[in-house]
Amino acid sequence: MTALSMPWNTRLRELAKRCQFLQALSLYAQMLRHGDHPNAFTFPFALKSCAALSLPILGGQFHGQIIKVGCESEPFVQTGLLSMYCRGSLLGNARKVFDEKSQSRKLTVCYNALISGYVSNSKSSDAVLLFRQMNEEGVPVNSVTLLSLIPVCVSPINLELGLSLHCSTLKYGLDSDVSVVNCFITMYMKCGSVNHAQNLFDEMPEKGLISWNAMVSGYAQNGLATNVLELYHNMELHGIHPDPFTLVGVLSSCANLGAQSVGREVELKIQASGFTNNQFLNNALINMYARCGNLTKAQALFDEMPERTLVSWTAIIGGYGMHGHGEIAVQLFEDMIRSGIVPDGTAFVSVLSACSHAGLTSQGMEYFKMMGGNYQLEPGPEHYSCMVDLLGRAGRLNEARNLIESMAIEPDGAVWGALLGACKIHQNVKLAELAFERVVELEPANIGYYVLLSNIYNDTKNSKGVLRIRIMMKERKLKKDPGCSYVELKGRVHPFVVGDRSHPQAEEIYSVLEELEALVQEFGEAKRADREESNKDLFAGAAGVHSEKLAVAFGLLNTTAGTEVVVIKNLRICEDCHLFFKIVSKIVHRQLTVRDATRFHHFRNGSCSCKDYW
DNA sequence: GTAGGGTTAG
């Protein structure tokens, strides 16, 4: 209040504005030592610093001083207290501050502070209740209210509320607020309503960078990688400069598409824009190179990083695991722990799957025990499916089954699917039938499992079984999944689906494929002899034309001798294609690499790098 | 002179 305290407040405000919260707090202490008194203009900044540094205990002491000074009913002080308690997860204290406030003086900002506090502490139902109360009391709703509340609606369960919020924007006059629209775009994307999001975006008269980013990330999260690249290209045409948020989404899509040369362009862009120290971008780059099969580059980037986070380690460990370098993945996991980084559930998924791919059974079992034993991590279905895979591949089928039956949580389709896959390797029909029964309950439309069991029947010369599955599929009207394969060539991604003739080179591609098929047939006669006709006509699809075969034919057609052809497939490659690639790699003397849902298969001179399943 | 909010990687 005194003239003397003025400069303190000004300096405090400046520090808080620059996010130098520690310095702000020490200035506050300095002020007290100096004998000057804080006032209603001091506390908001002191409280904000406590909130930012998560120091609710210190904030509570400030609360005491606020009462002593007698400015607890100042709106700015009150909202400061609310947000400080919310940030420190002391929601009870926040509610007390809120309820003590006289009805007449409750402002929109107070509601907003508490609503956002509830949301960020995962108390969404309390947030919704408070929002209802706000409406009943006639307190004006503004854009910040919506921005806090919309993220509650990101799960399809709350989409109803999201839709009603969206409808009410017109009433509040907030339908043209760019931030609000951005938030709705994100909401629709997270609910999987890509079309809704797209319409909103298209109709925006003024799009901000965040609007573009919301679309890029949304497409990426929904697996629409080609849309991401298209949008990124569009941004360039519109003269919009991407920021790290944009580039992370683009890199993640490059990783999914195996579009290494587009990813390389993004890397150059990162360097040109001065984003090289961005942790998110560096992790996304490592992930992209690792998933595109360039482990050398991924490792080099990892080594150069000034600071490696858990995400960086997980990306590189997963990269080695995918390629079957289990020993390196395990070594890296050990290095990570030694460097003091505490693994989370995702890190365990990457090391467990690396172990299962490389046949490191006992090592994987030890890691699984470590989760609960050393890190208090509850294994999820994704960890169990790794373990079932691990035990199953090692032929320990009964242990795998017992593990599933001991699960405290409900097993999902992937868990039973892993058991079914293991039964295929070890030809255990009885257990396969059990696993199949469970898995089709959980994922009745996933055709892969029907194919797997039918192949088991076929391997064991059980033509009745094959017929039974065929009838079952017909009854359920299941068609062969149109799996998509991609080949990246000269910075462009070329997608192929079964029976697709839309590619400009379609005629040439099909004639190359025909030649290859004829050669393969000649070469593989002996190997094919034991496959029964009944199975052939069921799964051969459009005369054996699978998307990955089209992609390989395209790749061979457009590259020169000596170049490796890399195909990305979004599902597991089928047995037929596996055999096809083996033989083609021998006939044309080229290395073919196919990445399917979980791993890389390197085909060279008639053999494949992976030793299981086929 | 002051407060409340949205988009990101494994």
Side-chain angles (χ1 to χ4, degrees), chain A residues 5-14 16-17 39-48 51 71 74-84 86-87 107-117 119-120 142-151 154 177-187 189-190 197 208-218 220-221 242-253 255 275 278-288 290-291 298 302 308-319 321-322 343-351:
Chain A
S5 72
M6 287 283 288
W8 291 111
N9 287 347
T10 315
R11 282 166 65 193
L12 203 56
R13 187 186 63 198
E14 281 309 306
K17 211 179 184 176
N39 64 15
F41 292 102
T42 321
F43 289 114
F45 302 115
L47 291 170
K48 190 179 179 153
C71 61
E74 285 295 326
F76 286 92
V77 174
Q78 224 152 18
T79 42
L81 278 169
L82 279 172
S83 106
M84 179 276 296
C86 287
R87 287 287 287 274
L107 302 171
T108 302
V109 275
C110 291
Y111 280 90
N112 291 350
L114 196 53
I115 287 175
S116 93
V119 174
S120 48
N142 66 14
S143 60
V144 177
T145 323
L146 292 182
L147 293 174
S148 314
L149 212 51
I150 298 169
V154 294
D177 185 303
V178 179
S179 304
V180 170
V181 180
N182 291 345
C183 217
F184 279 117
I185 291 177
T186 304
M187 177 191 86
M189 282 297 198
K190 292 211 167 146
L209 179 56
I210 295 183
S211 321
W212 290 89
N213 287 350
M215 289 301 291
V216 166
S217 318
Q221 283 156 8
D243 71 353
F245 287 90
T246 331
L247 300 176
V248 163
V250 176
L251 284 174
S252 131
S253 300
F275 299 148
N278 185 297
Q279 191 62 245
F280 284 102
L281 280 174
N282 285 325
N283 290 337
L285 275 173
I286 292 174
N287 179 45
M288 184 274 293
R291 291 186 66 114
F302 180 81
R308 295 175 196 102
T309 65
L310 175 59
V311 178
S312 330
W313 285 96
T314 308
I316 195 85
I317 291 168
M322 283 180 93
D344 67 357
T346 317
F348 273 104
V349 170
S350 71
V351 76

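Throughout, protein chains are lettered first and strands after them, A, B, ... in sequence-line order, and every chain is numbered starting at 1.
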For [X] and [N], give me the distance from atom [atom1] to atom [atom2], rounded to whole Å.
{"X": "A:M215", "N": "B:dT8", "atom1": "CE", "atom2": "C1'", "answer": "16 Å"}
{"X": "A:N283", "N": "B:dG10", "atom1": "CG", "atom2": "P", "answer": "9 Å"}
{"X": "A:R291", "N": "B:dA9", "atom1": "CZ", "atom2": "P", "answer": "13 Å"}
{"X": "A:N282", "N": "B:dG10", "atom1": "CG", "atom2": "P", "answer": "14 Å"}

- prompt: Distance-only, no hydrogens or angles: does the A:T314 side chain make a donor-acceptor pair with backbone N or O of A:L310 under 3.5 Å?
  reply: yes
query: How does each nucleotide of nucleotides 2-7 of chain B score, in 5' to 3' order, for protein heavy atoms under 4.0 Å: base (B), sugar-phosphate only (S), or none (-)?
result: BBBBBB
- prompt: Across the strands shown, which category fits A:L310 at heavy-atom distances under 4.0 angstrom: base, sugar-phosphate, nothing?
  reply: base
Could you tell me which residues satisfy side-chain contact (heavy atoms from CB on, under 4.5 Å) with [X], sequence neighbours excluded, listed by chain and number?
{"X": "A:S116", "result": "A:S148"}
{"X": "A:R308", "result": "A:F302, A:M305, A:S312, A:W313"}
{"X": "A:A255", "result": "A:N287, A:M288, A:R291"}

query: A:S143: what forms a side chain to side chain donor-acceptor pair (under 3.5 Å) with it, not counting sequence neighbours?
result: none
field: side chain to side chain donor-acceptor pair (under 3.5 Å) involving A:T246 - partner list, sequence neighbours excluded
entry: A:N213, A:D243
